[in-house]
2 protein chains.
Amino acid sequence: MTARPYHHGGLRAALVTQAEATLRTSGIDGLSLRELARELGVSHGAPQRHFRDKAALLDALAIEGFGRLNEMLARAADVDDGHAFAWTLTDVAVAYVRFATEDPALLDLMFTHKHQADASDELKAAANAGLACVVAMVERGQARGDLVDGDPQSIAMVLFATLQGITSFANADIVDPQSLDELTTYAVELLLGGLTPHPDQSPINSTFIPALCEKRPDPAQS
Amino acid sequence: MTARPYHHGGLRAALVTQAEATLRTSGIDGLSLRELARELGVSHGAPQRHFRDKAALLDALAIEGFGRLNEMLARAADVDDGHAFAWTLTDVAVAYVRFATEDPALLDLMFTHKHQADASDELKAAANAGLACVVAMVERGQARGDLVDGDPQSIAMVLFATLQGITSFANADIVDPQSLDELTTYAVELLLGGLTPHPDQSPINSTFIPALCEKRPDPAQS
DNA sequence: ACCTGAACACCGTTCAAGT
DNA sequence: ACCTGAACACCGTTCAAGT
């Protein structure tokens, strides 16, 4: 009975765990329901009782991934150790990029959206929960006076997007792992340069780039 | 003979074209060599003469995609119409995000790196060529005095990464297409705020975030 | 040189049947 | 309730054989 614990209710969890491992080591192409079943000593029809689809299993993996991501994000964003805000932000950024870079196939699953409309809502909610941590950080920064005013949601989105892009490049071998942390830190510096209000200047959109506030030809057909 | 032009040398091109169309409409999961062959009125063994692997065909598609991307990028980056640098940069950014958002499956193929070591070099070169356009733009901006000094490669990387991240979010339905251009423009604004030198201040890393320049505990274990 | 078509091993999915 | 195992339709890949 201890030898085959999957037969009395644990199969679903075992499938997810095993799938995660296979995904991490062999990528999405190395993941097949039949081999999963084989590895767990179960017939190839068994998984369907718990995941109607292969897509359903993949969705479960993505949701699991978001769970871990958000947990880590919340932990990283909650350290208010009295250090400069820039430090905290840099820490969160580096932590995120490392997480996302550790398991490229999982990250793909999380953000690639070849999901069924079914779990799509749950996934979108999970993604938004992650974003919410960053939004909260931004609001804290604004309250402190360390960040420009402006829609926290948008600011968080840009921050998060930059990290996501760096991750994407890292996973595509466009940046090498060696200089990954450095690039992440640099990105935060550049963004903070824009996000940090400066005593002698008004915020970006009124003084720094006045041109952008004037009416101008539609950039569409460029 | 005009009815089946694939049989005398045109098969390879026909496969790529057809595959691009299928990829755009049905995603990566809807793309099979056998159906491709069927649609082109050719036996299922025929494609192997031109692409030893399914992966090889996918690599060809990715390279094609980079070709179009880089062409567009070069065109967009070359308009030096005397407008403010911020405008040009915004135009390029919006153009890139639109391109990358038009064909999500292709973009995945381009940046997801489940490629064979074979074409990996060619793909990396293609990606770098795209980056080079942005680097050139950055250098132009620096020469004009519109951008802070600093390694153009790194600056371009951060710029490009931000757009890539926004694209990723858009393709994952985390941002809706409606506000996509707006978010892209806002991202450029935020980045430029950091990238634009201000008369009364020294560059970011010496004045704006002095804390980052001091020695401090390793952010690793956060 | 290029394509055909049978063959092989592997999928995902369904479903009656077992316990 | 949960799992089995045969069945079905579809893959990618290989390879002798054709033209």
Side-chain angles (χ1 to χ4, degrees), chain A residues 1-23 25-62 105 109 112 114-119, chain B residues 1-23 25-62 105 109 112 114-119:
Chain A
M1 17 185 91
T2 50
R4 317 178 71 191
Y6 344 98
H7 290 224
H8 26 284
L11 220 202
R12 195 198 145 99
L15 281 165
V16 170
T17 304
Q18 184 69 29
E20 267 168 353
T22 306
L23 185 70
T25 52
S26 311
I28 187 81
D29 289 336
L31 192 65
S32 94
L33 286 179
R34 282 180 111 110
E35 193 180 356
L36 232 46
R38 241 176 276 132
E39 288 167 345
L40 294 177
V42 114
S43 92
H44 66 260
Q48 254 82 4
R49 211 43 61 166
H50 302 92
F51 302 100
R52 114 172 81 81
D53 251 348
K54 185 181 185 181
L57 173 60
L58 263 32
D59 288 343
L61 290 182
L109 232 49
T112 252
K114 42 188 158 225
H115 308 289
Q116 35 196 24
D118 201 21
Chain B
M1 15 183 93
T2 50
R4 316 179 70 192
Y6 344 97
H7 289 223
H8 26 285
L11 219 203
R12 194 196 145 99
L15 280 166
V16 170
T17 303
Q18 184 69 30
E20 268 169 352
T22 306
L23 186 70
T25 51
S26 311
I28 187 79
D29 289 336
L31 193 65
S32 96
L33 286 179
R34 283 181 111 108
E35 193 180 355
L36 232 46
R38 240 175 277 132
E39 288 167 344
L40 294 177
V42 114
S43 91
H44 66 260
Q48 255 83 4
R49 214 38 66 162
H50 302 93
F51 301 99
R52 114 171 83 81
D53 251 348
K54 186 181 184 180
L57 173 60
L58 263 33
D59 288 342
L61 290 182
L109 232 50
T112 253
K114 42 188 159 225
H115 308 289
Q116 34 196 26
D118 200 20

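Note that the structure is predicted; figures quoted are calculated from it, not measured. Chain letters run A, B, ... following the sequence lines, proteins first, then strands; residues in each count from 1.
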| Between A:Gln48 and A:Glu35, who's closer to the 5' end of DNA chain C by nearest nucleotide? | A:Glu35
| Heavy-atom side-chain proximity of B:Val42 to B:Leu15 below 4.5 angstrom | no
| field | Side-chain-base donor-acceptor pair under 3.5 Å for B:His44 and C:dA6 | value | yes
| Phosphate-side-chain proximity, A:His50 and D:dC2, N/O vs OP1/OP2 below 4.0 Å | no
| A:Ser43 or B:Arg49, whichever maps to the more 5' nucleotide of DNA chain D | A:Ser43
| Any side-chain heavy atom of A:Arg49 within less than 4.5 Å of one from A:Leu11? | no
| Between P of C:dC10 and NZ of B:Lys54, the distance in whole Å | 18 Å
| query | In which ranges does DNA chain D form stems of 3 or more consecutive Watson-Crick or G-U pairs, distances under 3.5 Å? | reply | C:4-8 with D:12-16, C:12-16 with D:4-8
| remark: Rounding to 0.5 Å, atoms OG1 (B:Thr17) and CZ (B:Arg12) come to a distance of 11.0 Å
| field | Of the listed nucleotides C:dC3, C:dC11, D:dT13, the one nearest the side chain of B:Ala46 | value | C:dC3
| field | Rounded interatomic separation in angstrom, taking CG from A:Leu31 and P from C:dC10 | value | 17 Å
| field | B:Leu33 CG to C:dC3 P, straight-line distance once rounded to whole Å | value | 14 Å
| So, does the side chain of B:Arg34 form a donor-acceptor pair with the base of D:dT13 at under 3.5 Å? | yes
| message | At less than 4.0 Å, is any side-chain N or O atom of B:Arg12 found next to OP1 or OP2 of C:dA1? Yes or no. | response | no
| task | Please tell me if the side chains of A:Leu58 and A:Leu23 come closer than 4.5 Å, counting only heavy atoms from C-beta onward. | result | no
